[in-house]
Amino acid sequence: MSTIANQPISLLPEVQAFLKRPKRLFINNAFVEPASGKTMPTEDPATGGVLDHIPAGDATDIDAAVRAARAAFEGEWRAMSPTQRAACMFKLADLIEQHAEEFAEIESLDVGKTITSARAIDVPFTVFLWRYYAGWATKLYGKTLDLSLPPGGAFFSYVRREPVGVVGCIIPWNYPLAQVSFKIAPALAAGCTTVVKPAEQASLANLRLAELIAEAGFPPGVVNIVTGLGESAGAALAEHPDVNKISFTGSTAVGKLIMQAAGRSNLKRLTLELGGKSPTIIFDDADMAEAIPTAAAAIFNNSGQVCNAGSRLYVQRRSFDRVLEGVVEYAQKLRIGIGLDESTQLGPLVTSEQKRRVLSYMDQGLRSGAKLVIGGPDVLQDVPGNFVAPSIFTNTTPEMSIVREEIFGPVLVAMPFDDPDEIAPVANQTHYGLAATIFTRDISRAHTLAARLNAGAVWINCFGVFDPNLPFGGFKQSGMGREFSQEGVEAFTELKAVTVKL
Ligand code: NAI
Ligand code: MG
């Protein structure tokens, strides 16, 4: 576990060239300086040093971007047929695919994630999603209906499904290319235009995407990208009176701020995809050869920086020691190193701030009496970079912050349970409700429990299976609304009922 792989890495010439180019905001299909002229550093997760500088956009730039998006919405984009809009989206999917390795390297550099997972997950899922939603552009339609009221009247009504307008997309740093696509692809399919505020911790893939958007033939103003801090650029977008909807992924705390901003300004429509503290539940009868590595991967993939990470493990008592032993062994074998090294299985966290947050949760866990089985806040702290060891705690109580709060790092709490009928309320004992995972061979138990869990996604004998056609989102404080699927594109529309007297 303690190996820090440090092979010399050579970046693609295209990535080297991209890193050398000065970064600009993308407004109206032009690359422009922020009004303030200011830039800010973005951290290299592998070293803790500076990777690049990005524009520090603020309210002035957001306003310019919203104006461009509004003009495109009222103008050229709206005038295009669904097929023409789809053609731009298919073209962008092709371009992302052609530059797949470049994006994988940029994501690995900027986020710290392993190049193998960026290649296997971030980039191909993104390409697939763009094609999926390009298909929806030509498949949205309204309804017609006969009225019963007023009695005796002869009326004909139809319901149009129209784009909601200008959409603000606020992006997190854990899957930057994929997350921005989750928002703009369905928005564009619905006929909306967009202003993107990437995460300040990892904006580079969004800025590279801007270059391909310009190349794909989208009219000016359809996608605008303004990098900057959440408190300035992000807040300005959430407050902006001419933005019709915000689609946000990030922390529950900021999700609440965005809801308040929408309430204060113009009652923007909201889709919020927020945090989680998702349970993995393993019964005695589970196929342990599947359950153990899957439960471990559920928390250690992407170094635990995943909204649906399986961060609470509940195991039926008879199997507890065996499962714990298996998950510990999995953690011990993980090769830790810089993301770009192909042999790395666990990369550094995105920023030193995120590392501090994760370490502080572990300190709180230790202080409140939890037992550390492996890892912990002291391991790997003598090496540069934002490394945190895979860590597992037992002997926890439900009140502990490590059990209640989203840590967003490779930190697992493991607990035994006795009564199978009592596990649903225990698993539901959280203000989150994003995902839950069940391992059992008893199909009746699996489906009964799936129905009782308060979570937007339930995986049975598997974990983290995503498809653009499967709605994803949270119960309770894990958010509102759904991304992906028909629901995900309809979330960018308004219904209009038109009635004609015959
Ligand atoms: P965050 O929620 O602060 O940031 C997410 C996005 O919101 C970023 O683009 C940020 O610039 C923007 N933002 C921040 N403050 C804003 C405001 N007042 N108005 C508008 N936009 C604003 O998340 P952060 O600070 O990066 O991470 C903190 C914790 O949030 C993590 O430890 C994790 O628990 C959770 N998180 C959850 C994610 C998920 O996928 N559900 C993704 C990222 C973070
Ligand atoms: Mg924040």
Side-chain angles (χ1 to χ4, degrees), residues 40 42-43 45 54 56-59 62 110-111 113 122 168-176 178-180 182-183 195-203 205-206 225-240 243 246-262 264-265 268 270-278 301-309 311 349-361 386 388 401-402 404-411 430-435 456-457 464 466 472-474 476-481 483:
M40 54 194 194
T42 185
E43 194 177 322
I54 57 171
D58 61 19
I62 288 288
D110 205 12
V111 182
K113 66 174 65 211
D122 300 60
C169 305
I170 303 181
I171 315 301
W173 43 259
N174 54 349
Y175 293 86
Q179 294 273 14
V180 71
F182 296 171
K183 295 177 173 13
V195 175
V196 174
K197 210 300 281 172
E200 56 268 40
Q201 298 84 351
S203 295
N206 284 205
I225 301 186
V226 177
T227 54
L229 291 175
E231 303 84 85
S232 52
L237 191 55
E239 290 278 356
H240 202 290
V243 170
I246 295 281
S247 179
F248 168 77
T249 299
S251 61
T252 294
V254 172
K256 288 180 181 178
L257 291 178
I258 286 170
M259 214 167 164
Q260 288 164 13
R264 270 197 306 273
S265 53
K268 293 175 184 67
L270 297 175
T271 297
L272 304 176
E273 209 270 84
L274 310 176
K277 191 76 184 176
S278 299
N301 279 353
N302 216 42
S303 298
Q305 303 165 113
V306 183
C307 52
N308 56 276
S311 48
L349 301 189
V350 67
T351 55
S352 40
E353 186 195 345
Q354 188 63 17
K355 177 171 89 167
R356 272 195 300 279
R357 184 179 294 147
V358 172
L359 296 181
S360 127
Y361 273 117
N386 306 326
V388 173
S401 60
I402 53 167
R404 285 196 342 262
E405 293 177 33
E406 180 173 59
I407 298 178
F408 232 61
V411 182
T430 164
H431 57 261
Y432 292 116
L434 195 54
F466 285 94
F472 182 75
K476 300 194 279 186
Q477 293 189 42
S478 286
M480 53 174 56
E483 296 197 288

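Sequential numbering from 1 along the given sequence is applied to the chain's residues. Whatever order the structure lists them in is the order used to number ligands and atoms, beginning at 1.
Considering only non-hydrogen protein atoms, atom 40 (O) of ligand 1 sits nearest to Cys307 CB, 3.2 Å. Of all protein heavy atoms, the one lying nearest to atom 20 (C) of ligand 1 is Gly234 C, 3.2 Å. Of the protein's heavy atoms, Ile171 O, 3.4 Å lies nearest to atom 8 (C) of ligand 1. Protein heavy atom closest to atom 26 (O) of ligand 1, with residue, atom name and distance, is Trp173 NE1, 2.6 Å. Nearest non-hydrogen protein atom to atom 44 (C) of ligand 1 is Phe408 CE2, 3.9 Å.
Applying the side chain to side chain donor-acceptor pair (under 3.5 Å) rule to Lys113 yields the partners Asp122, Asn302; only residues at least two apart in sequence or on another chain are considered.
If you look at Leu274 next to ligand 1, the close heavy atoms, those under 4.0 Å, all belong to the backbone. Contact annotation: for Leu237 versus ligand 1, there are no heavy atoms closer than 4.0 Å. If you look at Ala238 next to ligand 1, there are no close heavy atoms at all, none under 4.0 Å. Using a 4.0 Å cut-off between heavy atoms, Pro198 contacts ligand 1 through its backbone alone, with no side-chain atom that close.
Interatomic distance, Glu239 CD to Ile62 CD1, rounded to the nearest 0.5 Å: 12.0 Å.
At least one heavy atom of Gln354 sits closer than 4.0 Å to an atom of ligand 1. The shell of residues lying under 4.0 angstrom from ligand 1, judged by heavy atoms, includes Gln201.
Distances from atom 4 (O) of ligand 1 to the protein include no heavy-atom value under 4.0 Å.
Between the Ser478 side chain and the Gly275 main chain, a donor and an acceptor come within less than 3.5 Å of each other.
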Next on the checklist: Run Thr271 and Lys183 through side-chain hydrogen bond (donor to acceptor under 3.5 Å, both in side chains) and show every step you take.
Outcome noted: CA-CA 10 Å; Thr271 297; Lys183 295 177 173 13; over 6 Å; no

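Residues Glu405 and Tyr361 bring a donor and an acceptor atom of their side chains to less than 3.5 Å of each other.
Residues Cys307 and Phe472 meet the side-chain proximity criterion, which asks for heavy atoms closer than 4.5 Å. No side-chain heavy atom of Phe182 sits less than 4.5 Å from a side-chain heavy atom of Glu273. Counting heavy atoms from C-beta outward, Ile407 and Ile402 have side chains that approach closer than 4.5 Å. Looking at Phe248 and Leu274, their side chains come closer than 4.5 Å, going by heavy atoms from C-beta outward. Inter-residue side-chain proximity for Thr351 and Trp173 is flagged as unmet; no heavy-atom pair is nearer than 4.5 Å.
Between Ala235, Ser251, Gly479, Gly255, it is Ala235 that holds the heavy atom closest to atom 19 (N) of ligand 1. With Arg357, Lys197, Glu231 as candidates, the residue nearest to atom 25 (O) of ligand 1 on a non-hydrogen basis is Arg357. Between the choices Gly250, Ala199, Gly275, the shortest heavy-atom distance to atom 37 (C) of ligand 1 belongs to Gly250.
Contact atoms of ligand 1 toward Leu257: 18 (N) (distance under 4.0 Å to a heavy atom of the residue).
Here's the thing with Gly230: one of its N/O atoms is less than 3.5 angstrom from an N/O atom of ligand 1.
By the neighbour-count criterion of 12 heavy atoms within 6.0 Å, atom CE of Met40 is densely surrounded, having more than that number from other residues, nucleotides or ligands.
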